[in-house]
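Sequence lines set the chain letters: A, B, ... in the order given, protein chains first and strands last, and positions in each chain run from 1.
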There are 2 protein chains.
Amino acid sequence: MKPETITETIKVACSSCNLRELCMPIGFTSDDMQKLDSVVATRRRIKQGDNLFSNGDSFTSLFAIRNGFFKTCVSAADGREQVTGFQMAGEIIGLDGIVSDYHSCNAVALEDAEVCVMPFANVEDLSREFPQLQRHVHKIMSREIVRENSVMMLLGNMRAEERLAAFLLNLVQRLHARGFSQSELTLRMSREEIGSYLGMKLETVSRAFSKFSDEGIIEVKQRYVRIIEPDALKKIFNPETCT
Amino acid sequence: MKPETITETIKVACSSCNLRELCMPIGFTSDDMQKLDSVVATRRRIKQGDNLFSNGDSFTSLFAIRNGFFKTCVSAADGREQVTGFQMAGEIIGLDGIVSDYHSCNAVALEDAEVCVMPFANVEDLSREFPQLQRHVHKIMSREIVRENSVMMLLGNMRAEERLAAFLLNLVQRLHARGFSQSELTLRMSREEIGSYLGMKLETVSRAFSKFSDEGIIEVKQRYVRIIEPDALKKIFNPETCT
DNA sequence: GCAATCTATTGACATGTGTCAAAGATTTTT
DNA sequence: AAAAATCTTTGACACATGTCAATAGATTGC
């Protein structure tokens, strides 16, 4: 088996990228957009199971996911792992590395993936030139802070079934924004990874899936999930707002 | 009782602020530092129990805490609250507001406090002019992301006593960086607020305090805490690394 | 100074989730 | 195609933390 080089020097243009609306949803003139193409240095392919970056790696670049699915996770000194997020096409990872110039979490590809490598120096240089880009970078970081706030709410206050309902609703909503179904999805992560993200054991995740399935709210077959009663899920997540 | 105006127009200079090392730890020439003074528009006093900003408020400014102690919290639709952080002098709050131009959490003063108001437009303008400031703003946001990652680890993987140990160690470490004792502190928050932050009920917080006290690791009297055996706390937080 | 109100502690008991174990599914390897 | 490995489901039971309640201590207001 021929080992593949990890980084490929394919020069790609944001200006012609079909993910631009997710990744760079800014109103630029096509002139400016040309200049912006230089944020992305290269593309990089990551095979399923490989790390895009690891805890301790020195930080140089942010990564825009072009396709594929990632998890990010932190580990305690005794080996316990916490999944801190799942990321899909159009989302940016690597922000954890900015503060100390090295990464403090692992980013693992849950399927074969491709990312745009954006050297952070380029991002900062262009941000000074384009206030719209500057604002966008700030929003991306702020969005991540707000997302983590709501995960803290899940972990601190919600029960197992509420967590899983919130998780499923969030996933389909993001997939729908990418043109996928609102009601069907194929999970890219195991029960254990879902459990790690949601602060529960894999058996509890499995039981919650089965419970939803018994109640006719979803159909589950291994990693395939069909949402039959989205309103019921919303009601579980948030008993008050939905009748 | 004469109602106080909330915002006072005291012009203050970062260049002569004794918290600069915490708030703006950047090597600037005194010339540049003068220009930087314009990030801060005004100071604002907040009385204990009042909100610096609330969920839904429109976002205009970041706030640097000059003195006093804050909590930030998010609420679910059914009223459940999750404390997402405790902030002290030299720390920046308001980052949650950037993404959507309105705040998504409440910032409550746990004691009478004073903050420097930094209109975000000023921050962005000056960031384009001063790469060092730009980098600093990025680091502040990244630091918050990394902090929240480690809270997720606490909430998702740690048991009650581990959470409280981590909480106390983190608090004294930050207080120590501000010139306070490494071993003594007066909590500014109730057991319930600690519990909300750590994802446990106030009774569980109280029991964990009592347990540590019984074991001679800390001395507790209401909100006064003295850490007698810091190593024992570290060992509870992380059984593996400390022998 | 005393009532009223918070806040913290502690006990007894309940319960949601974890733990351990076994058996099916599914995928990968050989 | 069989074997091995991995992932998922399900059951029985354990236990950490939640819930409810009573008491004590601190703080605030009159």
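Partners of B/R188 under the salt bridge (charged side-chain N to carboxylate O under 4.0 Å, His left out) rule, at least two apart in sequence or in another chain, are B/E111. For the side-chain hydrogen bond (donor to acceptor under 3.5 Å, both in side chains) test, residues two or more places apart in sequence or in another chain that qualify with B/N157 are A/Q82. By the side chain to side chain contact (heavy atoms under 4.5 Å, CB included) test, A/R147 pairs with A/E144, A/V151, A/Y197, sequence neighbours left out. Evaluation of the salt bridge (charged side-chain N to carboxylate O under 4.0 Å, His left out) rule for A/E193 yields A/K71 as partners, not counting sequence neighbours. Every residue meeting the side chain to side chain contact (heavy atoms under 4.5 Å, CB included) condition with A/Q182, not counting sequence neighbours, appears here in chain and number order: A/H176. Residues satisfying the side chain to side chain contact (heavy atoms under 4.5 Å, CB included) test with B/Q87, not counting sequence neighbours, are B/I65, B/F70, B/T72, B/E91, B/I93. The side chain to side chain contact (heavy atoms under 4.5 Å, CB included) check on A/S100 picks up A/Y102, with sequence neighbours excluded.
DNA chain D lies under 4.0 Å from at least one heavy atom of each of the following residues of residues 213-223 of chain A: A/Q222, A/R223.
A distance of 12.5 Å separates CD in A/E192 from OG in A/S206, rounded to the nearest 0.5 Å.
Nucleotides of DNA chain D that come within less than 4.0 Å of any heavy atom of chain B span, from the 5' end to the 3' end, D/dT17 to D/dA26.
The stretch residues 52-64 of chain B participates, sequence neighbours left out, in these side chain to side chain donor-acceptor pair (under 3.5 Å) pairs: B/N51-B/S54.
Among the protein residues, A/S206 comes within range of the nucleic acid bases, having at least one heavy atom under 4.0 Å from a base atom.
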- line: Readout for nucleotides 11-19 of chain C: B = base within 4.0 Å of protein heavy atom, S = sugar-phosphate only, - = neither; 5' to 3' it is BB----SSB
Distance-only donor-acceptor hits, side chain of residues 215-230 of chain A, under 3.5 Å, sequence neighbours excluded:
| unit_1 | atom_1 | unit_2 | atom_2 | d |
| --- | --- | --- | --- | --- |
| A/E215 | OE2 | A/K211 | NZ | 3.4 |
| A/E219 | OE1 | A/R226 | NE | 2.9 |
| A/E219 | OE1 | A/R226 | NH2 | 2.9 |
| A/Y224 | OH | A/E184 | OE2 | 2.4 |

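Between the CZ atom of A/F209 and the P atom of C/dA25 there is a distance of 19 Å, given to the nearest Å.
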